[in-house]
Every structure is written in structure tokens, then in C-alpha cells.
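All values below come from the heavy atoms of this structure, side chains included, with hydrogens, waters and symmetry mates left out. Nothing here was measured: the structure is a model prediction, and the numbers come from that model.
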Amino acid sequence: MTDTRTLPVPEGLDGMRVDAGLAKLLGLSRSSVAALAESGEVLLNGVPAGKSDRLVAGAWLEITLPDTGRNQVEVVAVPVEGMRILYEDSDIVVIDKPIGVAAHPSPGWEGPTVVGGLAAAGVRVATSGAAERQGVVHRLDVGTSGVMVVAKSELAYSALKRAFKERTVEKRYHALVQGHPDPSRGTIDAPIDRHPRHDYKFAVVSGGKPSVTHYETVEAFRAASLVDVKLETGRTHQIRVHFSAIRHPCVGDLTYGADPVLARRLGVTRQWLHARQLGLEHPVTGQWMTFESEYPKDLQRALDILREQDS
């Protein structure tokens with residue numbers, strides 16, 4: 001079996017050798033790409049490219065990869081209950097992701113996925129990226145709900161990946177955290193990497209990847225605070241790790257030290273964290289667009305309980 005990818009060459013690879021640039025783009029070894037080029041499996045604008053040829057931004061790349069079967073997971077078209085399309089055109093689709101849904105299939109995950117739900121809805125997405133991640137330019141945790149964008153066209157995929165990398169996309173979250181962050185408005189600037197003892201967790205680690213979270217308290221209760229969070233970087237579990245590190249974990253986030261008693265009292269069975277707003281420049285038209293997601297019922301119920309108890 002083979003896996004053929006068709007996509008435009010990103011601007012960041014302009015002028016690079018085929019073997020070096022495609023190794024970086026596809027996560028392969030340089031020697032593997034060179035072997036594919038030598039066997040005629042790499043085409044630029046329909047013409048076979050040699051390993052030492054230079055890439056040109058915007059040129060159409062077609063590369064045929066051998067399917068080794070290693071860590072391959074299939075995209076299954078299965079409807080996702082509660083997933084709503086907020087906006088769609090020929091280049092992007094913006095969805096409201098419910099909890100319990102992964103962005104894409106992965107080894108060991110047997111639950112619903114965004115890409116599977118879109119396939120079931122008849123939405124065709126970009127073929128760029130790994131086979132199981134087609135169109136996915138950013139992710140939300142399985143237990144985090146909210147707004148998410150997926151690329152439909154190859155041009156949109158390339159432009160959105162660049163926008164997220166250059167941090168021109170505005171990602172705003174709302175989180176209900178335990179206690180009261182002091183100051184009520186501030187910045188958490190602390191490097192994040194894998195937890196030194198627990199592989200499934202992340203932590204503030206000296207020498208980790210730079211990670212910056214800006215926050216502002218928008219409503220304070222006796223037991224918790226609702227904070228508006230703007231991410232400058234986008235590390236895995238960043239908000240959860242940063243607020244845990246300052247001793248104000250997200251309510252219900254037992255993985256990162258939340259109080260289970262408070263979670264039960266509020267009826268929260270997952271981290272109270274919601275991707276509230278996403279602002280981006282349309283990858284083709286250049287128009288600035290903002291999308292918002294309302295709180296799911298479980299998160300809204302927790303706020304209602306706190307307000308009632310404080311009244």
C-alpha cells in the first residue's frame with residue numbers, strides 16, 4: 001500500500017533542497033526523502049524532482065510514501081454527537097467540539113474524533129499532514145470543549161500552520177480555577193515539558209519549552225475564580241499545567257491536583273476549561289474572523305451553583 005500526499009510548498013521551505021525541506025515538512029529522515037526522489041516518487045508541479053533540486057514556495061508537491069503500517073490508524077467516518085459546525089467555506093471549517101472527542105485518531109484511542117465526525121458529515125478536508133491528521137492544524141484535549149478550526153484546502157492548511165507557528169492566531173479560553181489567583185490579572189511565564197516521573201503528564205520543568213499564559217479574573221466566587229486566558233504559546237496541557245503550578249488548578253482537573261470534593265459539589269467530571277474564542281486571518285481572503293463557543297451545560301451548571309451559593 002502507498003500513501004500519496006498533495007500540498008503546496010510552504011514559504012518557510014522556499015529555496016531549500018528537496019531532501020532537507022521535505023524531511024523537515026514530513027518528519028522523515030533526509031535519506032528516506034532522497035531515496036523517494038531518486039525513485040521518482042517526488043513531483044514538483046508534476047515534474048519529477050531530484051534530491052538536490054530546490055523547493056519553490058507555492059509549487060505543488062506530490063509525494064508517494066510507502067505505507068509501513070507502523071502506528072497507522074484509520075480515520076473512521078462516525079457521526080459525533082454534539083459537534084456543531086459554526087462556519088464553513090471552501091477553505092476552512094470551524095467547529096464547536098464537545099468533550100470526549102479527540103482531534104484525530106491515534107494509537108490506543110477508540111473514541112470519536114473531529115476528523116471522523118467531519119467525514120461522516122460529508123466535509124472533505126485537506127490531505128496535508130499525517131494521514132490520520134488530515135486538515136488538523138491545532139488540537140484541543142479530549143476533555144476540553146470549544147472552538148476549533150480545520151483546513152479544507154491545501155492552501156489553507158499551509159497558511160494556518162504558519163499562522164499558528166507565528167502566533168498570529170488569537171486563542172482565548174475560559175477556565176474555572178480553584179481559589180483566587182494573585183494578582184487577579186497577570187502572566188505565567190514558565191517552561192513546560194514532559195513530567196519527569198509520569199509520562200502522561202506535563203510539568204513546569206527547567207529547560208523545558210518556553211510557555212507563556214496571560215490571564216485575567218472575570219468573576220470571583222468564594223471557592224473559585226473564572227479567568228479569561230490568552231495563550232501566547234500553545235504547549236500540550238499548557239493552561240492546566242500553568243495554573244496547577246501557581247496552586248490554582250482548573251476545577252475538576254484531578255490529574256493536576258484539583259480538589260475532588262469541590263468537583264463533586266459542582267457536578268464537574270472533567271477539567272473546567274473551554275476554548276471560548278478563536279480569532280484568525282482567513283488563510284485565503286485575509287479577512288479577520290472571530291468565532292465563539294458557548295459554555296456546555298456541565299460548565300454552565302457549575303457556574304450557576306457557585307453564583308447561587310454566593311448570593
Side-chain angles (χ1 to χ4, degrees), residues 10 12 23-29 71 97 99 102-104 106-109 129-130 132-133 136-149 160-217 225 227-259 270-280:
K24 180 178 180 181
L25 178 66
L26 300 170
L28 302 173
S29 69
N71 288 331
K97 186 187 89 67
I99 63 166
H104 56 73
S106 60
W109 175 253
E132 73 279 5
R133 302 187 187 189
V136 175
V137 292
H138 72 126
R139 294 177 290 177
L140 297 177
D141 294 343
V142 171
T144 300
S145 53
V147 63
M148 181 176 164
V149 62
L160 286 173
K161 288 293 284 186
R162 182 169 63 253
F164 275 97
K165 182 178 181 180
E166 295 176 354
R167 304 174 186 175
T168 59
V169 177
E170 289 188 0
K171 298 173 286 183
R172 302 190 80 94
Y173 294 74
H174 277 189
L176 184 68
V177 302
Q178 292 180 192
H180 308 97
D182 185 16
S184 60
R185 178 180 184 179
T187 296
I188 306 170
D189 186 348
I192 291 176
D193 213 329
R194 287 280 180 184
H195 194 285
R197 295 186 302 279
H198 306 292
D199 265 355
Y200 64 94
K201 294 173 64 174
F202 290 78
V204 171
V205 178
S206 177
K209 296 177 181 177
S211 308
V212 180
T213 300
H214 306 286
Y215 71 89
E216 180 177 2
T217 301
S225 300
V227 294
D228 180 87
V229 181
K230 182 178 179 181
L231 293 182
E232 188 171 314
T233 54
R235 309 303 176 200
T236 303
H237 296 185
Q238 179 173 321
I239 295 172
R240 300 166 64 190
V241 171
H242 270 174
F243 279 97
S244 176
I246 64 171
R247 303 184 184 277
H248 297 288
C250 294
V251 169
D253 193 358
L254 305 187
T255 299
Y256 288 104
D259 179 5
R270 48 110 168 188
Q271 65 263 18
W272 202 114
L273 178 61
H274 185 64
R276 181 70 162 172
Q277 186 180 93
L278 186 69
L280 55 86

Here the gap from T187 atom OG1 to H242 atom NE2, rounded to the nearest 0.5 Å, amounts to 10.5 Å

Under 3.5 Å donor-acceptor, S225 side chain and T217 backbone: no

Aromatic ring proximity Y256/F243, centre distance under 6.0 Å: no

Atom CG in D253, atom CG in L176: separation rounded to 0.5 Å? 11.5 Å

Under 4.5 Å between any side-chain heavy atoms of D228 and Y215, yes or no? no

Keeping H174 on the side-chain end and L273 on the backbone end, is there a donor-acceptor pair under 3.5 Å? no

Any donor-acceptor pair under 3.5 Å linking the side chain of S145 with the backbone of H274? no

Less than 4.5 Å apart, side chain to side chain, heavy atoms only: is that true for V251 and V177? no

Gap separating the CG atom of D182 from the CZ atom of R247, nearest 0.5 angstrom: 14.0 Å

Check: V212 and I188 side chains under 4.5 Å, non-hydrogen atoms: no

Ring-ring centroid check F202 H195, cutoff 6.0 Å: no

CA sep, side-chain torsions, deciding dist, call: D193, R235, salt bridge (charged side-chain N to carboxylate O under 4.0 Å, His left out): CA-CA 9 Å; D193 213 329; R235 309 303 176 200; over 6 Å; no

Between H138 and F164 (judged by ring centroids, cut-off 6.0 Å), do the two rings come close enough to count as a pair? yes

Indicate whether the side chain of E216 and that of S184 have a donor and an acceptor atom separated by less than 3.5 Å. no

Determine whether the side chains of E232 and T213 contain a donor N or O and an acceptor N or O closer than 3.5 Å. no

Would you check if P191 and K209 make a side-chain contact, meaning some heavy-atom pair closer than 4.5 Å? no

Mind checking what makes ring pair (Phe, Tyr, Trp, His ring centres under 6.0 Å) contact with H214, not counting sequence neighbours? none

Quick one: list whatever passes side chain to side chain donor-acceptor pair (under 3.5 Å) with Q271, sequence neighbours left out. T144

Interatomic distance, R240 atom CZ to I192 atom CD1 [nearest 0.5 angstrom]: 11.0 Å

Within the distance-only criterion (no hydrogens, no angle test), does the side chain of K230 pair as donor or acceptor with the backbone N or O of E170 below 3.5 angstrom? no

Value rounded to 0.5 Å, distance of CZ in R270 from SG in C250: 10.5 Å

